[in-house]
Amino acid sequence: MNCIKNNQIVELCWLERPSAEVAPDLIGCSLVRQMADGEIIRGLIVETEAYGENDPACHAYRRRTGRNSVMFGEAGRTYVYLIYGIYHCLNVVTDRDGVPSAVLIRALQLESVPRWINERDRVKPSRIAAGPGKLCRALQIDSTLNAQVLQPGQPLWLEHRSSEFTPEIVQTTRIGLTQGIDLPWRWYLGNCSAVSKL
DNA sequence: AATATGATGTAA
DNA sequence: TACATCATATTT
């Protein structure tokens, strides 16, 4: 069965694969944020990391908890968590029901600067969403958006990259970890100024 | 290069 | 109770 329809919306079953397969496929796709008032902010996904089963860096490695429970569910929901008590991080839940796994969205290239971002913050537009905490701040994503289904009409959804767009994808090890540091599960768009680190 | 920030989970 | 954490801005 072909899960992808003629439109460009990401069907949830497209995410029903191991996170390390989905993460590079998400590079070049768009993340769409719709605010309560209908305003839409779109960003190109330029950096991702995979987290999965038997992965010591995954929040679900030990056991199911209140925070990580959505990762055990079906693909296509958000997993938003608070890190260091300050920043939020956005993940896309992947793989089959019962398999805890997700893709961390680490950086976006925004199509437009949200009106609530101060011009005088003097940050280059390409750096506004260059990092998992920064992109959540830029798109006003917090824990109230946890466990939401990624489909149009919801606060967040995904759109496929166009078929002629074949991004140059670089694969490296993940960032900020003390465990699972050798797994090459980070991907980013080559020659892109909006990634968190080169 | 070091530090402050602080919710949540894990270890003690 | 104490400590580490999928990060970032600010200060040394």
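Quick note on labels: first sequence line is chain A, next is B, and so on, each numbered from 1.
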C1' atom, B:dT8 versus C:dA9: distance in rounded Å? 22 Å

*Determine the contact category for A:Arg64: base if any of its heavy atoms lies under 4.0 Å from a base atom, sugar-phosphate if only primed atoms, P, OP1 or OP2 are that close, otherwise nothing.*
nothing

Kindly check if the number of other-residue, nucleotide or ligand heavy atoms within 6.0 Å of CD (A:Glu74) is above 12? no

In this structure, is the centre-to-centre distance between the rings of A:His88 and A:Tyr81 below 6.0 Å? no

A:Trp185 and A:Val46: same hydrophobic cluster, using ILVMFWY side-chain contacts below 4.5 Å? yes

Would you say the base of C:dC6 stacks on A:Tyr51 (centre-to-centre below 5.5 Å, plane angle below 30°)? yes

Among the nucleotides C:dA7, B:dA11, C:dT8, whichever has the atom closest to the side chain of A:Lys134 is C:dT8

Full working for side chain to side chain contact (heavy atoms under 4.5 Å, CB included) between A:Leu158 and A:Ile45
CA-CA 10 Å; A:Leu158 297 166; A:Ile45 296 173; 3.9 Å; yes

Ordered by number, residues from residues 102-112 of chain A within less than 4.0 Å of DNA chain C (heavy atoms) are A:Leu104, A:Arg106

With rounding to whole Å, what would you report as the distance between B:dT5 and C:dT1 at their P atoms? 22 Å

In one Ile/Leu/Val/Met/Phe/Trp/Tyr side-chain cluster, 4.5 Å: A:Leu82, A:Leu177
no

| Aro-ring/base stack A:Tyr87-C:dA7, d under 5.5 Å, angle under 30° | no

Which of B:dT10, C:dA9, C:dA7 is nearest the side chain of A:Ile83? It is C:dA7

note: A:Ile128, atom CD1; C:dT8, atom P; distance rounded to Å ~ 14 Å

Out of C:dT8, C:dT5, C:dC6, minimum distance to the side chain of A:Cys58 belongs to C:dC6

| said: Less than 6.0 angstrom from the centroid, inside 45 degrees of the normal: does A:Arg174 satisfy that with respect to the ring of A:Tyr51? | reply: yes

Discussion item. Please determine whether salt bridge (Lys or Arg N to Asp or Glu O under 4.0 Å) holds for the pair A:Arg115 and A:Asp37, giving the CA-CA distance in whole Å, both sets of side-chain angles, and the decisive distance to 0.1 Å.
Written reply: CA-CA 13 Å; A:Arg115 58 179 163 68; A:Asp37 66 0; 3.2 Å; yes

inquiry  = Apply side chain to side chain contact (heavy atoms under 4.5 Å, CB included) to residues A:Trp157 and A:Gln34 and explain how you reach the verdict.
reply    = CA-CA 9 Å; A:Trp157 67 89; A:Gln34 183 162 36; 3.7 Å; yes

Checking A:Arg42 against A:Glu159 for the side chain to side chain contact (heavy atoms under 4.5 Å, CB included) test, could you report, in this order, the C-alpha distance in whole Å, the side-chain angles of both residues, the deciding distance, and whether it holds?
CA-CA 10 Å; A:Arg42 210 172 291 263; A:Glu159 294 176 0; 2.7 Å; yes

- request: Dump the intermediate steps for salt bridge (Lys or Arg N to Asp or Glu O under 4.0 Å) on A:Glu47 and A:Lys197, then the final yes or no.
  value: CA-CA 9 Å; A:Glu47 182 179 346; A:Lys197 286 181 188 167; over 6 Å; no

Within less than 4.0 Å of OP1 or OP2 of B:dT10, is there a side-chain N or O belonging to A:Arg63?
yes

Among C:dA7, C:dC6, B:dT10, the one nearest any side-chain atom of A:Thr65 is B:dT10

A:Leu177 atom CG is separated from C:dC6 atom C1', nearest whole Å, by 6 Å

Atom CG of A:Leu135 and atom P of C:dC6 are separated, to the nearest Å, by 17 Å

If you measure from the P atom in B:dA1 to the same atom in C:dC6, how many Å do you get, rounded? 22 Å

Taken to the nearest whole Å, OH/A:Tyr61 to P/C:dT5 is 15 Å

Syn within 90° of 0, anti beyond: B:dG9 is anti

DNA chain C in dot-bracket form (Watson-Crick or G-U pairs under 3.5 Å, [ ] crossing, | inter-strand) is |||||.|||||.

Quiz item: Do A:Leu150 and A:Val10 pass the side chain to side chain contact (heavy atoms under 4.5 Å, CB included) test, and can you show the C-alpha distance, the side-chain angles, and the key distance before you say yes or no?
Solution: CA-CA 9 Å; A:Leu150 286 158; A:Val10 168; over 6 Å; no

**Prompt:** Base, sugar-phosphate alone, or nothing: which one does A:Ser143 contact when heavy atoms must sit under 4.0 Å apart?
**Reply:** nothing

Checking C:dT5, C:dA7, B:dA11 against the side chain of A:Thr178 (C-beta onward), the nearest is C:dT5

A:Tyr81 has its side chain closest, among B:dG9, C:dT8, C:dC6, to C:dC6

Atom CG of A:Asn91 and atom P of C:dC6 are separated, to the nearest Å, by 11 Å

Against the side chain of A:Leu82, the closest entry in C:dC6, B:dA7, C:dT8 is B:dA7

In whole angstroms, the gap separating P of B:dG6 from CD1 of A:Ile86 amounts to 7 Å

Whichever of A:Arg137 and A:Ala57 has the more 5' nearest nucleotide on DNA chain C, that residue is A:Ala57

